Colleague: 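One structure, as structure tokens, below. Some questions next.
These figures come from a predicted structure and were not determined experimentally. Numbered from 1 within each chain, the chains take letters A, B, ... in sequence-line order.
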There are 2 protein chains.
Amino acid sequence: MPTIKDVAKDAGVSPSTVSRVINDHPRISNATKKKVKKSMKKIGYHPNIIAQSLVKQKTNTIGLVMPYSAEEAFANPFYSEILRGIGAVAQEKGYSILLITCDGQEEVEASLRAVKSKLVDGILILRAKKDDILLKKLREAEVPFVIVGRPEDADKYYWVNNDNIKASKNLVQHLIDLGHKDIALITGGSEYIVSQDRLDGYKLALKENKIKYNPEYIIHIHGNEEIISKNTKKLLKKNPDLTAIFAVDDLMAYRSILAIKELGLKVPEDISVVGFNNNPLSQLITPSLTTVDINTYQLGEEATSILINVIENKISEYYHKVVEANIIIRNSCDKIKF
Amino acid sequence: MPTIKDVAKDAGVSPSTVSRVINDHPRISNATKKKVKKSMKKIGYHPNIIAQSLVKQKTNTIGLVMPYSAEEAFANPFYSEILRGIGAVAQEKGYSILLITCDGQEEVEASLRAVKSKLVDGILILRAKKDDILLKKLREAEVPFVIVGRPEDADKYYWVNNDNIKASKNLVQHLIDLGHKDIALITGGSEYIVSQDRLDGYKLALKENKIKYNPEYIIHIHGNEEIISKNTKKLLKKNPDLTAIFAVDDLMAYRSILAIKELGLKVPEDISVVGFNNNPLSQLITPSLTTVDINTYQLGEEATSILINVIENKISEYYHKVVEANIIIRNSCDKIKF
DNA sequence: ATGAAAGCGCTAACAC
DNA sequence: GTGTTAGCGCTTTCAT
């Protein structure tokens, strides 16, 4: 592999001149610039990015923490979609993406290692938990990082999120408008703030409509498997008054629908179902699923854009951005008949 | 950020001794080893991986080329799932994953750049095309790389794949066993070898059962959108004899099923449908989809394992591995009634 | 078993 | 505008 010295020799200039050409230095004559570029092409030279990183103390790489947990959640197209948004902006601004894979509990360690080893200039976190050690450690380490999700101490972080409370409230309001009063909520682990927010939106909608909140209607699910099916069935048997189910992720909604069908009931005639996140498949299933489009791609774009600005010192004050979420009404809900 | 010199000073040894501790050099006394490790912890030292990479001429990073094309294909859980397999092995063997995102046509350039800039030690390619420039260029560049898919000139590459011909043949045989003779095939762009293989398997099954091959039953789809719906409908109207549709990806099958339903026909009573790739959702839709499990996770594991072995010179001869694919029979196919 | 010194490929003062 | 030199943080001979 040719180095900067080989180019210098071939072009009859010094290595620093070659370096200046690489970095588009202003004070360099067009003649030498051309000459050097020709030499680079001739001998097939590519700058060694590792060497550049070492001296510039910057890798132009952002880290993406991805626990490869067995949770089905990971099979969620959410990740592919947000990755697309992240990739698009990163590429446009000349950054690479380093996937930091790790198993479950190691994520704190793995992230810090990537940062302290100078592998990445900044980090993207794809979830926000309550009492999150990872966030605290990263802040202590003074690494640039951006969260997709709403952290606690919201004014001490950079983050991007949907207004989950509002979107959830609107979605439940839609069910209420159709005449539903007994609405179950299937939500995720209560350690995730997104679960809390969607629950809060649910409660808010009930309150505004003077519907009594019934804690028996709430299920917290950890993982995404069979439990949902079992719990849906249990729920429906225990509470024959239920007419609607709100699942906080479309994948969960699919499982609920299946369980409802297995019980011999029909969606939406007997039970209305709504989801969240607008999985691309939700328009293809039968019945097509009413859900909330959270603009996952844009979430990825915005987060990356902010992160790169932080890395390049173009933002100093903590800052967040709320991305619109829109209800998409399809065929999984019916009016209550009196 | 502390460097190796700071540790050396604190421990009262030379930088090279610290380096030897970092690299588990055999000839180093336990006493100094302990002393140095203590200092490292005390001052919060982490080796700078960039500097290590520069001198070792090795980054311990593998590149993953991912065109962020608009194709829905990218929303396919296939990518999440294979990423999990790749991540698991990479992490276990101490490698990071660099996502090389690029738009459509740039993939050749982007991959070569990553390699020649010494950003990665090797590359993983997630598809095989006919007459593939990328593969040729990578081989010219003498970069370690492994393909997920069967390339042309199969004996000149490292690759991992399912036996798509066999799996496809078996799947079509299953339809034939149910009495189907008029089976449409919806497949991907003919530039992809996987499309060709699955078509060949289809043809083989017909031949073995002395069923005449009808080219009108074959549709090549580029992209995954509305076209599938339109084409399914056109196909069904033109060929009322059709009793089954084989889509080479589950997502395509979902769209076909929807189109069939929109035509007022029933799956599987009127038309049987089979898919491929065993999308996790295929068990959740109604009717649940008969498909082929290609063991995506394992595909990712094997490919990564081979790549790392190649990088570390543990394999020299070109080599490939075929991963089992299994038919999963669900409820989307019916027997033909005579 | 440990230290001194050179060098991986590049950039960035500082000279002129 | 271009060359000289030092140095980014680490490893690795070559000494001892």
Colleague: Between which nucleotides of DNA chain C, 5' to 3', does chain A make heavy-atom contacts below 4.0 Å?
Modeller: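 On DNA chain C, the outermost contacted nucleotides are C:dG9 to C:dA13.
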Colleague: Would A:K321 and A:E302 pass as an ion pair if we require N to O under 4.0 Å?
Modeller: yes
Colleague: Considering only NZ, NE, NH1 and NH2 on the basic side and carboxylate oxygens on the acidic side, decide whether B:R113 and B:E109 come within less than 4.0 Å.
Modeller: yes
Colleague: Does any part of the side chain of A:H320, heavy atoms only, come nearer than 4.5 Å to the side chain of A:D155, both counted from C-beta?
Modeller: no
Colleague: Hey, what bend do you get for the helix from C:dA1-D:dT16 to C:dC16-D:dG1 if you fit axes on five pairs at each end, rounded to 10°?
Modeller: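 The value is 40°.
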Colleague: Quick one, A:E152 and A:K129 - any side-chain contact, counting heavy atoms below 4.5 Å?
Modeller: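 Side chain of A:E152 against side chain of A:K129, heavy atoms only: no contact under 4.5 Å found.
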Colleague: Does B:L134 form a side-chain contact (heavy atoms from CB on, under 4.5 Å) with B:I125? I'd like the steps, not just the answer.
Modeller: CA-CA 9 Å; B:L134 177 56; B:I125 306 291; 3.7 Å; yes
Colleague: Pick one: which of A:V143, A:I315, A:D121 meets side chain to side chain contact (heavy atoms under 4.5 Å, CB included) with A:V310?
Modeller: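 Single side chain to side chain contact (heavy atoms under 4.5 Å, CB included) partner of A:V310 among A:V143, A:I315, A:D121: A:I315.
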Colleague: Which of parallel (below 30°), tilted (30 to 60°) and perpendicular (above 60°) describes B:Y157 and B:F145?
Modeller: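 Perpendicular: the ring planes of B:Y157 and B:F145 meet at over 60°.
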Colleague: Does anything in residues 39-53 of chain A reach DNA chain D, meaning a heavy atom under 4.0 Å, and if so which residues?
Modeller: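 Of all residues in residues 39-53 of chain A, none places a heavy atom under 4.0 Å from DNA chain D.
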Colleague: With heavy atoms under 4.0 Å as the rule, sort A:T3 into base, sugar-phosphate or nothing.
Modeller: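 Sugar-phosphate, backbone atoms only, no base.
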Colleague: Using whole Å, what does the distance between atom C1' of nucleotide D:dG7 and atom NZ of A:K56 come to?
Modeller: 16 Å
Colleague: Counting only heavy atoms and a strict 4.0 angstrom limit, can you tell me which residues of residues 17-37 of chain B come near DNA chain C?
Modeller: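 Contacts with DNA chain C under 4.0 Å: B:T17, B:R20, B:R27, B:I28, B:S29, B:T32.
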Colleague: Report, one line per pair, each donor and acceptor closer than 3.5 Å where one atom sits in a side chain of residues 1-16 of chain A; sequence neighbours left out.
Modeller:
from: A:T3; atom 1: OG1; to: A:K5; atom 2: N; distance (Å): 3.1
from: A:D6; atom 1: OD2; to: A:T3; atom 2: N; distance (Å): 2.8
from: A:D10; atom 1: OD1; to: A:K42; atom 2: NZ; distance (Å): 2.8
from: A:D10; atom 1: OD2; to: A:S39; atom 2: OG; distance (Å): 2.6
from: A:S14; atom 1: OG; to: A:S16; atom 2: N; distance (Å): 3.4
from: A:S14; atom 1: OG; to: A:S16; atom 2: OG; distance (Å): 2.9
from: A:S14; atom 1: OG; to: A:T17; atom 2: N; distance (Å): 3.4
from: A:S14; atom 1: OG; to: A:T17; atom 2: OG1; distance (Å): 3.3

Colleague: For the residue pair A:I311 and A:Y95, establish whether any side-chain heavy-atom pair is separated by less than 4.5 Å.
Modeller: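 Touching, per the 4.5 Å side-chain cut-off.
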Colleague: Applying side-chain hydrogen bond (donor to acceptor under 3.5 Å, both in side chains), name anything that partners A:S53, two or more places apart in sequence or on another chain.
Modeller: none
Colleague: Can you find a side-chain donor-acceptor pair between B:T61 and B:S96 that sits under 3.5 Å?
Modeller: no
Colleague: Is it true that A:K35 and A:N30 share a donor-acceptor pair across their side chains at a distance under 3.5 Å?
Modeller: no
Colleague: Salt bridge check, B:E107 against B:K137: does any charged N sit closer than 4.0 Å to a carboxylate O?
Modeller: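 B:E107 and B:K137: not salt-bridged.
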